[in-house]
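Owing to the predicted nature of the structure, the values given are computational and were not obtained by experimental measurement. Because only heavy atoms are used, hydrogens play no part in the values below, and waters and symmetry mates are left out as well, while side chains stay in.
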Amino acid sequence: MPEGDTVLQTAARLHEALAGQVLTRSDLRVPRFATADLSGRTVLDVTARGKHLLTRIEGGLTLHSHLRMDGAWRVYAPDERWRGGPGHQIRAILANAEHTAVGYRLPVLELLRTSEEDRAVGHLGPDLLGPDWDPGPALERLLAAPERPLGEALLDQRNLAGIGNVYKCELCFLARVTPWLPVGALPDGALPRLVTLAERLLNANRDRPTRTTTITSELRTPPLLGPRTGTGSGSEAGAGSGAGAGVGSGARAERPRARPAPQPVRVQERLYVYGRARRPCLRCGTPIRLADQDDRPTYWCPGCQSGPTP
């Protein structure tokens, strides 16, 4: 699921593949921009703004895209097979002599003047991963609607940009409140700490291939694979069926030996609650619960998190 850290990594890959290179092919497969031809222009840079991608191109143009739930950009070598999905899901192709960037299932794709980028991203709140991150305006925007559920407020990109559903659930768990608790009902000082933690978590994951929010592990017992029979290798175990190994040889068949019970091991979990419905909480052991909030799957621990629930 694309969140601020994922989009930042996507922007870095696109920038490395396209920036400073002349486009040899462009294909925007949306009706409004189907005739636009960017070939012959140099890509200047690719940057992330919250969960939006801005590809700036010579001549004062910006290709704005948003991944939302299922979108993706993939970068391929000239002779590499495209594996991002079927052809009818392709919405954009940008190619130079060394790389081809293919945009799949992009729900937002528009070409606009660079001077008018605010039309696409001007509504966003402070960017948690941006060089100009400022928690002050983010706190002001969150507190402007104290009756709003915390989970919904964190997802509203107008308050602060970059948090998606995974971070929403994880941040609420770390704050020990449910996502349905009104922003104004948070204990004194909790909201500034939560905003600071959000910035720390996203920055900690900005370069990680796998998102991680945990510092604890889970005690887990591996499955028992079944009894162990015999003591030797397959060839040795089969020797008893050959000549000289029958009843009259005095050989004695060995009884199957039970495999020792596996010992519990510590397993590092990547996330505290997201995607862990009905599994034990890493902190208190209570089964994690799952319900929808604003049509999004939302996970919480009823033992660790206080506040209203569905």
Hey, are Glu152 and Lys168 close enough for a salt bridge, meaning a charged N less than 4.0 Å from a carboxylate O? no

Check against side-chain contact (heavy atoms from CB on, under 4.5 Å), Arg56 and Leu61: CA-CA 6 Å; Arg56 299 183 177 117; Leu61 297 175; over 6 Å; no

Below 4.0 angstrom, N of the basic side chain to O of the carboxylate: do Arg279 and Glu269 qualify? yes

Does NZ or CZ of Arg283 come closer than 6.0 Å to the centre of the six-membered ring of Tyr272, within 45° of the ring's axis? yes

Leu155/Arg296 under side-chain contact (heavy atoms from CB on, under 4.5 Å): CA gap, chis, key distance, verdict: CA-CA 10 Å; Leu155 284 181; Arg296 293 173 181 265; 3.3 Å; yes

Got a sec, which residues hit ring-ring contact (aromatic ring centres under 6.0 Å, His included) with His15, two or more places apart in sequence or on another chain? none

Side chains of Pro135 and Thr196, heavy atoms from C-beta outward: is any pair under 4.5 Å? no

To the nearest 0.5 Å, what is the distance between NZ (Lys51) and OG1 (Thr6)? 9.5 Å

Can you get from Leu54 to Val108 by hopping between Ile, Leu, Val, Met, Phe, Trp and Tyr side chains that sit under 4.5 Å apart? no

Honestly curious: do Trp133 and Ile163 fall in one hydrophobic cluster under the side-chain, below-4.5 Å linking rule? yes

Are Tyr274 and Asn165 close enough that some pair of their side-chain heavy atoms sits under 4.5 Å apart? yes

Can you see whether Arg289 engages Thr298 through a side-chain donor-acceptor pair at a distance of less than 3.5 angstrom? no

N-O pairing of Glu16 and Arg13 below 4.0 Å: no

Closest approach of Leu28 and Ala92, non-hydrogen atoms and distance? CD2-CB, 4.1 Å

Thr100 side chain to Trp82 side chain, donor-acceptor N/O pair below 3.5 angstrom: no

When you group the ILVMFWY residues by side-chain heavy-atom contacts below 4.5 Å and let the links chain together, are Leu124 and Leu129 in the same group? no

Apply the side-chain contact (heavy atoms from CB on, under 4.5 Å) test between Trp73 and each candidate in Thr55, Val102, Leu14, Val46; give the one that qualifies. Leu14

Which pair of non-hydrogen atoms, one from Cys169 and one from Val273, has the smallest distance, and what is that distance? O-CG2, 3.7 Å

Heavy-atom distance under 4.5 Å between the side chains of Arg148 and Asn159, does that happen here? yes

Output the distance between atom CG (Leu128) and atom CZ (Arg200), rounded to the nearest 0.5 Å. 13.0 Å

N/O donor-acceptor pair under 3.5 Å between Asn96 side chain and Ala17 backbone: yes

In Å and rounded to the nearest 0.5 Å, what is the CZ to CG distance from Arg158 to Leu160? 12.5 Å

State, with a plain yes or no, whether a side-chain heavy atom of Glu3 is found less than 4.5 Å away from one of Arg211. yes

Sub-4.5 Å side-chain heavy-atom contact between Pro149 and Pro182: no

Minimum heavy-atom distance between Leu154 and Cys172, given as atom pair plus value: CD1-SG, 4.2 Å

Are side-chain N/O atoms of Tyr167 and Asn205 paired as donor and acceptor at under 3.5 Å? yes

Do Leu44 and Ile57 sit in one hydrophobic cluster, given that two such residues count as connected whenever their side-chain heavy atoms are within less than 4.5 Å of each other, even indirectly? no

When rounded to the nearest 0.5 angstrom, what distance separates NE2 in His52 from CD in Gln157? 6.5 Å

First locate atom CZ of Phe33, then atom CG of Leu112, and finally report the distance between them rounded to the nearest 0.5 Å. 7.0 Å

Picking from Leu38, Leu23, Val22, Thr42, what satisfies side-chain contact (heavy atoms from CB on, under 4.5 Å) with Glu58? Thr42

In this structure, NE2 of His64 is separated from CZ of Arg49 (nearest 0.5 Å) by 11.0 Å

Would the distance check show the side chain of Arg206 and the main-chain N or O of Leu202 forming a donor-acceptor pair, the cut-off being under 3.5 Å? no

Determine whether Ile93 and Ser26 satisfy the following criterion, side-chain contact (heavy atoms from CB on, under 4.5 Å), listing intermediate values before the conclusion. CA-CA 5 Å; Ile93 301 172; Ser26 77; over 6 Å; no

Specify the closest pair of heavy atoms between Thr286 and Pro302, including all atoms of both residues, with the distance to one decimal. CG2-CG, 3.7 Å

Only one of Val177, Leu201, Val195 forms a side-chain contact (heavy atoms from CB on, under 4.5 Å) with Leu171, so which one is it? Leu201

Does some side-chain heavy atom of Asp27 sit less than 4.5 Å from a side-chain heavy atom of Arg25? yes

For a quick check under 3.5 Å, do Asp5 and Gln9 share a side-chain donor-acceptor pair by atom type? no

Does any pair with a residue in residues 178-204 pass ring-ring contact (aromatic ring centres under 6.0 Å, His included), and if so which ones, sequence neighbours excluded? Trp180-Trp300

Stepwise side-chain contact (heavy atoms from CB on, under 4.5 Å) check, Tyr299 with Arg276: CA-CA 8 Å; Tyr299 301 82; Arg276 303 188 71 247; 5.7 Å; no

So which atom in Ala277 and which in Leu290 form the shortest heavy-atom distance, rounded to 0.1 Å? CB-CB, 3.9 Å

Apply side chain to side chain donor-acceptor pair (under 3.5 Å) to the pair Ser65 and Arg91, showing each step before the final yes or no. CA-CA 10 Å; Ser65 60; Arg91 295 292 177 267; over 6 Å; no

Do Glu117 and Thr62 have side-chain N/O donor and acceptor atoms under 3.5 Å apart? yes

Could you walk me through whether Ser39 and Asp37 satisfy the side chain to side chain donor-acceptor pair (under 3.5 Å) test, starting with their C-alpha distance in whole Å, then the side-chain angles of each, then the deciding distance to 0.1 Å, before giving a yes or no? CA-CA 6 Å; Ser39 300; Asp37 186 5; 2.9 Å; yes

Taking all heavy atoms of Leu106 and all of Leu109, pick out the closest pair and write down the distance. CD1-CD1, 4.1 Å

Between Arg176 and Gln305, is there a side-chain donor-acceptor contact under 3.5 Å, judged purely by atom types and distance? no

Salt-bridge contact Arg68-Asp70 (side-chain N to carboxylate O under 4.0 Å): no

If hydrophobic clusters are built from ILVMFWY residues whose side chains come within less than 4.5 Å, do Leu18 and Tyr76 share one? no

